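Quick caveat: nothing in here was measured; it's all calculated off a predicted structure.
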Amino acid sequence: IRLMAMDMQGGRQIGALNPPGLFVLLAEANLRTGRSREALDMLDPLKEAYPEVKGLNETLGDLVVLEGLERIGDSKEN
């Protein structure tokens with residue numbers, strides 16, 4: 001349902017139909033529902049346009065790795 005708000009023809013690019021706030025909202029929704037990896041993906045389009053997102057992206061990436069440390073099976077961090 002969250003992705004229905006995104007214009008898929010434009011891909012994951014910032015534009016008139018995909019404003020920066022949409023990517024932030026989708027990242028927050030993914031993070032709140034325990035989908036840290038998907039939240040990290042939503043921040044990708046913002047990294048180039050907004051340099052301050054790089055620090056947030058690194059922190060979220062660390063969280064993704066930490067969450068994967070206890071996983072057994074399909075986790076690629078182990």
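- Listed by first then second residue, pairs satisfying side-chain hydrogen bond (donor to acceptor under 3.5 Å, both in side chains) with a partner in residues 50-61 number zero, not counting sequence neighbours.
- Legend: residues meeting salt bridge (charged side-chain N to carboxylate O under 4.0 Å, His left out) with Lys47, ordered by chain and number and at least two apart, are Asp44.
- Here CG of Leu25 is found 11.0 Å from CE of Met42. Values are rounded to the nearest 0.5 Å.
- Applying the salt bridge (charged side-chain N to carboxylate O under 4.0 Å, His left out) test to Asp41 and every residue at least two apart in sequence or in another chain returns nothing.
- Scanning all heavy atoms of the two residues, the minimum distance from Ala39 to Ala27 falls at CB-O, 3.3 Å.
- Residues Leu46 and Leu56 fail the side-chain proximity criterion, which asks for heavy atoms closer than 4.5 Å.
- A heavy-atom distance below 4.5 Å is not found between the side chains of Ser36 and Asn30.
- Here Glu28 contributes atom CD and Thr33 contributes atom OG1; the two are 10.5 Å apart, rounded to the nearest 0.5 Å.
- Annotation for Pro45 and Ile14: closest pair O-CD1, 3.5 Å, computed over non-hydrogen atoms.
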